[in-house]
Amino acid sequence: MALTQTDVRGIADYARIALEGDELEQMTAYLNDAVDMLAPVLDYDLPDVEPTFHPIGDLANVMREDEELAGRGLPLDVALSNAGSVRDRSFRVPSILGEGGDR
Amino acid sequence: MKELSEVLKDWEAVIGLEIHTELTALDTKMFCNCKLSHDDEPNANVCPVCLGLPGALPVPNKRAIESIVKAGLATNCQIQKRSMFYRKHYFYPDMAKNFQTTQGPVAFCMHGRLDLEVTGRGAAERPDCAFGEAESLSLASASANAEGLSTAMAQQMREGGESAGALAAMSGYDTANLALPERHEDGSYTVPIRILRIHMEEDAAKMVHVGGEEGRIAAASESLIDYNRCGTPLIELVTEPDLRTPEEARLFMEKLRRIFLTLGISDCSMEHGSMRCDGNVSLRRRGETRLGTKTELKNLNSFKALHDGLAYEICRQAEVLEEGGIIYQETRHWEPGRKRTVVMRVKETADDYRLFPDPDLAPFDLSDEFIEHCRAEIPELPDAKRDRYQEDFGIKRADAEQIAGDPETAAFFEESAAGLSGKPAQAVANLIVNELAAYLKGVEGGIADCGIAPSQVASLAKLLAEDAISSNQAHEVFALMAKSGEDPEKIVDERGMRQVSDAGALQPIVDEVLGRCVDQAQQYRDGNQKVLGFLVGQCMKASRGQGNPKLFNELLRKSLE
Amino acid sequence: MAANFDTLTAAQIAAGIAAGDFTAREVTQASLDAIAAREDAVQAFLQVSPELALATADRIDTDRAAGKPLPPLAGVPLAIKDNMNLVGTRTTCASRMLGNYESVYTATCVQRMLDAGCVPVGKANMDEFAFGSSTESSAFHPTNNPWDTDRIPGGSSGGSAAAVAAGEVPLALGSDTGGSIRQPAALCGVVGLKPTYGAVSRYGVVAFGSSLDQVGPFGRTVEDVALAMNALVGAGRDPYDGTSQDCAVDFCEHLNDSIEGRRVGIIPAFMEAEGLTPEVRAAVEGAAKQLEAQGAQLVEVDLPHLDAAIAAYYVIGPAEAFSNLARFDGIRYGYQEPDCPNLDTQSSLSRAHGFGAEAKRRQLLGAYLLSSGVYDKYYYAAQKARTLITADYAAAYEKCDVILMPSSPRTAWKHGEISDPTQMYLSDLYTISINIAGNGGVSVPLGLGAESHLPVAALVGPAFKDRTLLMFARALERGFADAATGAPALTVAPDFAGKGGELA
């Protein structure tokens with residue numbers, strides 16, 4: 001069943017990527033092409049095969065000690081240095097509910 | 001609105017809890033080496049990992065995993081050797097990566113249980129104990145109708161190779177091994193509460209909403225984000241919806257808190273948010289087998305809030321239902337000041353968190369050695385300690401429970417009551433539960449640095465047990481010894497406070513008082529028993545508080561016969 | 001003696017500096033001069049870092065003057081793919097999203113190359129966030145193939161491959177999620193190794209597909225690639241990357257061993273695949289003969305589940321990419337849309353305007369594939385296909401030491417020639433399955449194609465034995481070397497060789 005533009009708009013809204021102009025149309029076409037290309041994988045939902053979630057088969061229980069390490073933390077000015085908007089010691093975002101917000 | 005006790009006569013409340021506990025006893029965060037702290041300035045403890053900088057990778061904190069395994073063992077959970085971390089996606093700036101690293105369908109700890117003892121007034125809130133009747137329906141119909149929290153969770157969680165049927169079984173309200181409450185002769189009852197799971201996850205950043213009403217998100221013009229808390233190790237315990245009254249919910253939370261405190265994995269401060277509770281509740285008519293629509297409650301962040309919030313919500317739902325209304329599946333916020341719950345948001349569809357196994361984190365396959373190592377580090381738990389105190393020291397169960405629940409208090413008790421049993425041990429318990437607890441409320445810090453030594457309490461208890469002083473005198477001595485650090489025996493002797501329990505010494509005082517209070521003596525003889533209290537008081541006064549009040553009582557009765 | 005530094009391998013540069021034939025500053029300056037002279041035509045770099053490079057070089061020269069022992073790659077200029085963090089440089093991932101992003105920490109792989117003495121001369125161009133096979137999706141500019149500047153260099157590590165092929169640097173780092181080292185190495189005629197997953201730390205490398213990504217080196221000789229591997233893995237596993245493994249072996253130790261009696265697998269289906277050009281096929285058959293001539297035995301092996309590889313890859317890759325790129329919301333870093341009335345608008349427009357078309361496509365495909373109902377159908381099937389493909393390889397390696405196959409079905413194509421994204425995906429036919437299985441793979445130049453006169457290459461990919469892999473790569477290199485000089489079949493692309501970069 002092909003994805004409709006409404007479906008694709010829903011996915012884009014969720015993924016926080018605004019689609020503008022003819023992007024919605026193009027994206028819908030692309031996603032349908034791509035999903036078609038993925039069809040061969042559908043034959044592999046085999047009951048007696050374990051899925052591989054990690055390429056290193058027997059890797060397990062990787063943990064670190066509970067200790068602070070010097071030099072890993074970032075000084076405040078460095079931590080904030082790439083932010084588009086800061087206030088005092090904090091990262092700043094505009095109104096969350098704001099005009100047009102739906103949360 | 002009707003009173004809770006009224007509502008619960010007609011309605012059965014079905015309650016589940018989700019309890020988040022920060023592992024504050026650790027030194028560093030869940031997936032990075034940043035310091036854990038509650039009170040540092042914003043963004044003082046951040047690194048590429050917890051800020052979600054491009055290219056940063058998580059590595060799990062071993063002590064966090066040990067802590068959750070201990071939590072699971074202490075709550076009778078089955079420790080799952082094989083489990084994985086998953087990514088739970090939602091776009092909100094309190095999660096630096098826009099996903100939370102949490103666990104999937106299999107948590108480190110599954111299918112646990114805690115037994116609650118419900119006594120006193122709270123026990124009356126379950127008049128029925130027909131608890132089991134409603135649950136005797138088939139699993140299939142229960143899971144089909146269940147709107148319990150485990151269903152919502154299952155919708156968000158997916159497991160490889162599991163059929164939809166297996167998932168439904170996992171998500172449904174599993175009544176198969178639901179045990180019934182046991183009512184005791186004294187009206188109290190014991191009820192097992194099942195724990196669905198305890199999983200490991202990371203906490204979110206703190207957000208401050210600026211502008212608009214103070215601290216509220218509505219009408220805020222901007223929000224500020226502090227990532228210090230982001231990545232704090234958090235364990236989330238989810239109960240089965242086995243709880244039936246707000247009192248049970250409160251007792252569960254208290255019990256869990258005592259266990260976690262004993263394990264030493266968290267400071268469990270509800271005030272500071274290191275232990276947080278959400279609840280969900282639905283109502284059904286007594287005898288009804290289907291579950292009603294539930295609401296989720298937020299901000300139940302004290303024992304009182306947990307109890308009162310649930311109680312309010314139960315009464316609110318009953319009123320809506322009795323008026324023919326409908327309960328909407330929604331999230332509500334408890335406002336303790338206004339004593340009401342208000343709608344936060346209506347859940348129309350289940351959120352799609354797009355959970356999938358985190359490829360940056362290797363799966364877990366815990367060894368028996370690892371689990372046994374954790375088990376070996378678990379100290380004596382509060383229930384076992386309570387039973388031991390009852391048995392070894394012969395103190396009252398309620399006191400034993402209260403003392404055993406707090407590791408510092410328990411240690412203090414054991415030192416104070418060492419070698420004692422019966423009356424003197426009970427005196428130690430009384431002093432700790434009453435005098436010490438009251439004293440601690442007025443001072444900074446805990447038992448260890450409050451300035452009172454166990455030996456002082458032991459000595460004071462001995463004086464009490466020997467009737468050398470009265471409990472009123474003990475109160476006075478306690479205050480004095482707290483201030484001076486002196487031995488109570490010395491205080492009592494220096495101040496001549498020792499209680500006189502020699503009948504020969506007290507009889508003259510009795511005679512003198514009866515000589516003075518002829519009218520009152522006559523009233524007693526005429527059948528007014530109450531006047532005896534006045535006469536004892538006169539004797540105490542005449543003895544400058546040193547006479548044994550019990551003995552005065554006895555002597556007065558004898559003299560008046 | 002006024003040699004051009006582009007005639008020297010990394011090994012020769014390090015040896016020359018250690019011997020005092022030239023200084024690290026001279027080599028670094030030569031590299032910077034070569035970049036200045038060649039960059040207009042090749043455009044391999046997004047950022048050149050002369051101050052950082054010269055300061056590093058001066059430290060090496062000071063150390064040498066003070067008699068301190070020099071690390072093995074002291075003074076060797078290095079290009080770094082721009083998805084790797086290095087303090088003192090921007091890390092842009094060739095995206096407008098990170099156009100101004102200053103690295104605040106250094107990736108482990110980069111740090112290890114620096115610890116080995118490498119001089120970081122700049123950050124190399126790439127497909128945006130490594131999504132692509134041509135480097136055309138870079139938000140800033142395309143990179144040209146040094147062998148024919150009308151053509152693409154391959155991708156996504158196209159800048160790294162082109163910088164080495166154009167003689168701007170002898171060594172470069174790239175990353176490979178579905179062929180992003182091996183395919184551009186092939187198209188640019190250089191050696192490129194994708195090590196076994198977990199061999200090289202991913203910490204500090206901006207993630208695309210976390211279970212597929214792996215960092216590896218480009219060089220003009222197999223020996224240089226082996227030296228770079230020693231630098232990358234010599235210090236053992238990286239505690240900051242939970243998937244990092246201890247693979248510390250000396251990659252040079254058995255490099256020149258004979259392959260006599262060893263077995264080389266050939267997959268007949270691969271040699272018949274649609275889209276494989278006759279010249280590439282002929283070259284790979286020639287490579288097989290060459291290995292046979294050195295005493296190796298050719299055996300046929302079969303990978304029965306290979307037909308699912310591309311589909312599985314385009315389920316797993318986009319799903320992980322969506323998740324990994326969710327963090328780019330313009331709040332903590334990255335492009336932030338100005339003057340937005342609320343957070344949702346700011347996030348949606350920052351992401352819409354910060355990401356290019358392919359990055360948006362992959363993320364939306366991933367978001368769709370992870371959504372409720374769809375996930376169960378595709379993701380588990382893909383991970384099961386992965387299990388079977390991995391088992392196929394393991395079974396094949398019971399019968400052979402390495403497998404020989406083309407690196408790319410064709411030589412470099414012209415800019416703009418492939419515009420359909422799903423067509424582009426199919427060009428990764430030979431490389432993708434190795435990422436799915438987590439195995440290592442290397443691309444080795446076999447000379448120029450008979451028809452295109454562009455580089456052709458073969459790929460050998462055994463499991464978890466990257467050292468053996470390089471031994472076979474060296475055997476191929478030896479087999480195709482100039483009989484008189486012993487020089488590899490391909491060195492610096494002729495249009496660029498000797499332009500700028502004289503060693504004073």
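Chain naming here is simple, since letters A, B, ... match the order of the sequence lines and numbering starts at 1 in each. Not measured: the values here are computed from a predicted model.
Contact annotation for C:R237: only side-chain heavy atoms (C-beta onward) come within less than 4.5 Å of a heavy atom of chain A. Heavy atoms of C:Q336 lying under 4.5 Å from chain A belong exclusively to its side chain. When heavy atoms are compared at a cutoff of 4.5 Å, C:L212 does not approach chain A at all. Only the side chain of C:P421 comes within less than 4.5 Å of a heavy atom in chain A; its backbone stays farther off. When heavy atoms are compared at a cutoff of 4.5 Å, C:H305 approaches chain A by way of both its backbone and its side chain. Looking at C:A382, the atoms closer than 4.5 Å to chain A (heavy atoms on both sides) sit in the backbone and in the side chain alike. If you measure heavy-atom distances from C:F322 to chain A, the contacts under 4.5 Å come from the side chain alone. Both the backbone and the side chain of C:E102 come within contact range of chain A, each with at least one heavy atom under 4.5 Å from a heavy atom of that chain. With a 4.5 angstrom heavy-atom cutoff, C:Y425 touches chain A only via side-chain atoms.
Contact count versus chain A (heavy atoms, under 4.5 Å) is highest, among C:Y379, C:Y378, C:F355, for C:Y378. Per-residue counts of heavy-atom pairs under 4.5 Å with chain C were compared for A:V8, A:I11, A:V62; the largest is that of A:I11. Note: A:V49 leads A:V49, A:L19, A:D13 in heavy-atom pairs under 4.5 Å with chain C.
Under the 3.5 Å distance criterion, with hydrogens and angles disregarded, a donor-acceptor pair is assigned to the side chains of C:T243 and C:R202.
A salt bridge is defined here as a Lys NZ or Arg NE, NH1 or NH2 lying under 4.0 Å from an Asp or Glu carboxylate O, and C:R351 with C:D329 fails to meet this definition.
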